[in-house]
Amino acid sequence: MAPKRVIAHLDCDAFYATVELIRRPELKGKPVIVAGSGPRSVVTTASYEARKFGVGSAMPASQARRLCPTAIVIPPDFTAYREKSREVWELVRAKLDRLQSMGLDEAYADLTGVEKPLRVLRELIDDVHKRTGIQISAGVGPNRLIAKCCSDLGKPAGFVAMGREEACIRFATAPTRRLPGIGPKTAERLAELGYSTVAQLQEADESQLAARFGDRTARYLKARATFHDDSPVETEGGPAKSVSTERTFDEDVASTEELETILRTLSKELCEGLQGKSRQGRTVAIKVRLADWTTVTRARTLPDATNDTGLVTETALELLRAYAPTQPVRLLGVRLAAFDDLEPDKPPAPAAPVGQLAFSL
DNA sequence: TCTGGGGTCCTAGGACCC
DNA sequence: TCTGGGGTCCTAGGACCC
């Protein structure tokens, strides 16, 4: 029989804000918001003092300033966050090898088979806090879903472990939105069917869910609500499957000429980044967000993989000209995908038939 | 003073091939 | 002559996550 899995979700408390506080200890105890300075920027992280005012991640910075006018607003410094992140996870990885990183401030660890896993975790988290100044909250359970929900439960400096049946009870009254994988849209659709809480979704009629969401999603939603999850902790990271660069403008841009200039700049940035990593892709795509927030993508797959600035730029420009937005544009982006280093060893293209036409009926 | 930027995965339809 | 059944590749949109 397979041993019972022990999965932990490790989540750094208010990570970006904490990195800033470490550099500027005089701000300790004050509400700190990490957000860009532009008129359309959003909050990346708010310190717990700022959260008391109702400030939260992904909130427009303008709204955050209104809620908490005394907050110190700091522009994000991703170089510093990446450096601190490396420090933190290096310490964790030295103790826990089966680790899957989820961005700069989170990771899953598989502690199946580890002796006294909770004690190991506690000591590790203490050690990381002492050595880096970063506080990790942990959730532990038989799968990733429960681990994730539990790490949220105790924050900040949380440490919560439970089994599946206990999770079913402890989260029964929570809104379905609290379950990772159920976003605002799905929560809304579930509420329309009368399923607002986790308990209600646990008891939901699966065929009714299937009629609304399809078979697969219905099964998925039921599994989430009952905290069944057998997804593994994926230790191997692997390179990104797509890479993109996009920009939201301070003010919408209507001029075609200006849009083309921006697109050239974005393509150049994208290609130079990829050239640095020697990655080449076959699919060039653009993304256009209009003034009314509708988002359009256009893509073209080329015969050969490339990261050539000229070719990517021309392709992106052709896609933009063919689409020809009829409203002012608030965001423009370029993306490269279908990387050749990810193709599962494609056989070389067969030589073109010589001296005959190839038919097969 | 509405709503960033970087990703992943899923679905659905059409082209095309055998 | 009145309509097969995959399979793959590609595009577009959408939901979700950090």
Side-chain angles (χ1 to χ4, degrees), chain A residues 9-12 14-16 34-45 56-67 69 73 75-76 78 81-82 85 100-108 144-145 148 151-152 176-177 179-190 213-217 220-221 224 231 234 237-252 266 269-270 273 282-303 319 322-323 330-339 342-344 346 358-361:
Chain A
H9 180 250
L10 307 176
D11 195 341
C12 300
F15 183 63
Y16 300 170
V34 179
S37 54
R40 286 173 166 173
S41 64
V42 299
V43 174
T44 324
T45 316
S57 286
M59 174 182 286
S62 55
Q63 188 185 349
R65 287 174 195 276
R66 241 177 292 135
L67 287 170
V73 182
F78 285 97
Y81 309 151
R82 267 191 292 271
S85 171
Q100 178 179 4
S101 124
M102 308 290 293
L104 296 183
D105 63 340
E106 290 186 23
Y108 288 96
R144 297 167 40 132
L145 174 57
K148 169 81 177 160
S151 72
D152 263 1
T176 58
R177 180 70 181 85
L179 297 169
I182 298 185
K185 301 286 182 181
T186 305
E188 181 60 46
R189 291 173 71 192
L190 284 170
F213 292 95
D215 252 31
R216 213 180 131 90
T217 304
Y220 172 77
L221 292 171
R224 292 322 260 183
S231 65
E234 305 270 12
K241 295 176 178 171
S242 72
V243 176
S244 62
T245 305
E246 65 185 50
R247 208 77 75 222
T248 294
F249 315 129
D250 288 352
E251 292 180 322
D252 296 349
L266 292 171
E269 275 181 38
L270 180 68
R282 289 169 54 234
T283 303
V284 178
I286 63 164
K287 173 168 154 183
V288 182
R289 179 123 71 210
L290 304 174
D292 71 358
W293 199 256
T294 53
T295 304
V296 170
T297 61
R298 291 292 183 268
R300 180 184 302 165
T301 298
L302 305 170
L319 290 168
Y323 169 57
R330 70 174 284 140
L331 170 152
L332 197 55
V334 204
R335 185 172 62 97
L336 202 63
F339 291 105
L342 292 176
E343 303 291 305
K346 262 195 168 171
F359 278 109
S360 78
L361 292 172

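- Map A:E269 and A:R66 each onto its nearest nucleotide of DNA chain B; the residue landing nearer the 5' end is A:R66.
- For the pair A:R40 (side chain) and A:F249 (backbone), a donor-acceptor distance under 3.5 Å is present.
- Taking atom C1' in both C:dC16 and B:dT3, one finds a spacing of 16 Å when rounded to whole Å.
- Ranking C:dC17, B:dT3, C:dG13 by closeness to the A:V296 side chain, first place goes to C:dG13.
- A:E106 has its CD atom 9 Å from the C1' atom of C:dC17, to the nearest Å.
- Closest approach to the A:T186 side chain among C:dA15, B:dT1, B:dT3 is made by C:dA15 (side chain taken as heavy atoms from C-beta onward).
- Taking 4.0 angstrom as the limit, A:S244 places a side-chain polar atom (N or O) nearer than this to OP1 or OP2 of B:dG7.
- When each of C:dT11, B:dG4, B:dG5 is scored by its nearest atom to the side-chain atoms of A:T283, the top-ranked nucleotide is C:dT11.
- The CD1 atom of A:I182 sits 11 Å away from the C1' atom of C:dC16 (whole-angstrom rounding).
- The NZ atom of A:K287 sits 9 Å away from the C1' atom of B:dG6 (whole-angstrom rounding).
- A:R65 has no side-chain polar atom (N or O) that falls below the 4.0 Å cut-off from OP1 or OP2 of B:dC2.
- Against the 90° criterion about 0, the sugar-base torsion of B:dT1 places it in the syn range.
- Nucleic acid contact class of A:L104 (heavy atoms, under 4.0 Å, all strands): none.
- For the pair A:S242 (side chain) and A:L336 (backbone), a donor-acceptor distance under 3.5 Å is absent.
- Distances were taken from every side-chain heavy atom of A:W293 (C-beta onward) to each of B:dG4, B:dT1, C:dC16; the shortest belongs to B:dG4.
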Next item on the list: For DNA chain C, just give me the dot-bracket, please: Watson-Crick or G-U, both distances below 3.5 Å, ( ) intra-strand, [ ] crossing earlier pairs, | paired with another strand, . unpaired.
Entry: ....||||||||||||||
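- Taking every side-chain heavy atom of A:R247 into account, B:dG5 is the closest of B:dG5, B:dC9, B:dT1.
- Put simply, NZ on A:K185 is 12 Å from C1' on C:dC16, counting in whole angstrom units.
- Annotation: the span from A:I182 atom CD1 to A:R189 atom CZ amounts to 11.5 Å, rounded to 0.5 Å.
- Note on A:G181: only backbone sugar-phosphate atoms sit closer than 4.0 angstrom, heavy atoms only; bases stay farther off.
- Nearest-nucleotide positions on DNA chain B for A:S57 and A:V243 put A:S57 closer to the 5' end.
- With sequence neighbours excluded, the residues forming a salt bridge (Lys or Arg N to Asp or Glu O under 4.0 Å) with A:R247 are A:E269, listed by chain and number.
- Applying the salt bridge (Lys or Arg N to Asp or Glu O under 4.0 Å) rule to A:D250 yields no partners; only residues at least two apart in sequence or on another chain are considered.
- Within 4.0 Å of A:T217, counting heavy atoms only, lies no atom of the nucleic acid at all.
- Although no hydrogens or angles enter the test, the distance criterion places a donor-acceptor pair under 3.5 Å between the side chain of A:Q100 and the main chain of A:E234.
- Closest to the side chain of A:D105, from the set C:dC18, B:dT3, C:dA12, is C:dC18.
- Counting heavy atoms from C-beta outward, A:Y81 and A:V34 have side chains that approach closer than 4.5 Å.
- Counting only distance, with no hydrogens or angles, the side chain of A:S41 and the backbone of A:G38 share a donor-acceptor pair below 3.5 Å.
- Of the side-chain N and O atoms in A:R330, none sit less than 4.0 angstrom from OP1 or OP2 of B:dC2.
- Nearest to the side chain of A:A299, among C:dG13, B:dT8, C:dT11, sits C:dT11.
- A close approach under 4.0 Å does occur between a side-chain nitrogen or oxygen of A:R216 and OP1 or OP2 of B:dT11.
- Contact annotation for A:R189: no contact, since no heavy-atom pair falls under 4.0 Å across all strands.
- Minimum atom distance to the side chain of A:R298 is reached by C:dG13, of the listed B:dT3, B:dG7, C:dG13.
- Here B:dT8 presents its P atom at 9 Å from CZ of A:F339, a figure rounded to the nearest Å.
- Considering only side-chain N and O atoms, A:T297 lies under 4.0 angstrom from the phosphate OP1 or OP2 of C:dG13.
- In terms of phosphate contacts, A:T295 brings no side-chain nitrogen or oxygen within less than 4.0 Å of OP1 or OP2 of C:dG13.
- Under the 3.5 Å distance criterion, with hydrogens and angles disregarded, no donor-acceptor pair is assigned to the side chains of A:R330 and A:T248.
- Distances were taken from every side-chain heavy atom of A:T301 (C-beta onward) to each of C:dC16, C:dT11, B:dT1; the shortest belongs to C:dT11.
- Closest contact between the side chain of A:R300 and the listed nucleotides C:dC16, C:dT11, B:dG6 involves C:dT11.
- One can place CZ of A:F78 at 12 Å from P of B:dG7, the figure rounded to the nearest angstrom.
- The separation between A:Y220 atom OH and C:dC17 atom C1' is 10 Å, rounded to whole Å.
- Residues A:H9 and A:S151 come closest through the heavy atom pair ND1-OG, 2.7 Å.
- Distance CG (A:L331) to P (B:dT3): 12 Å, rounded to an integer number of Å.
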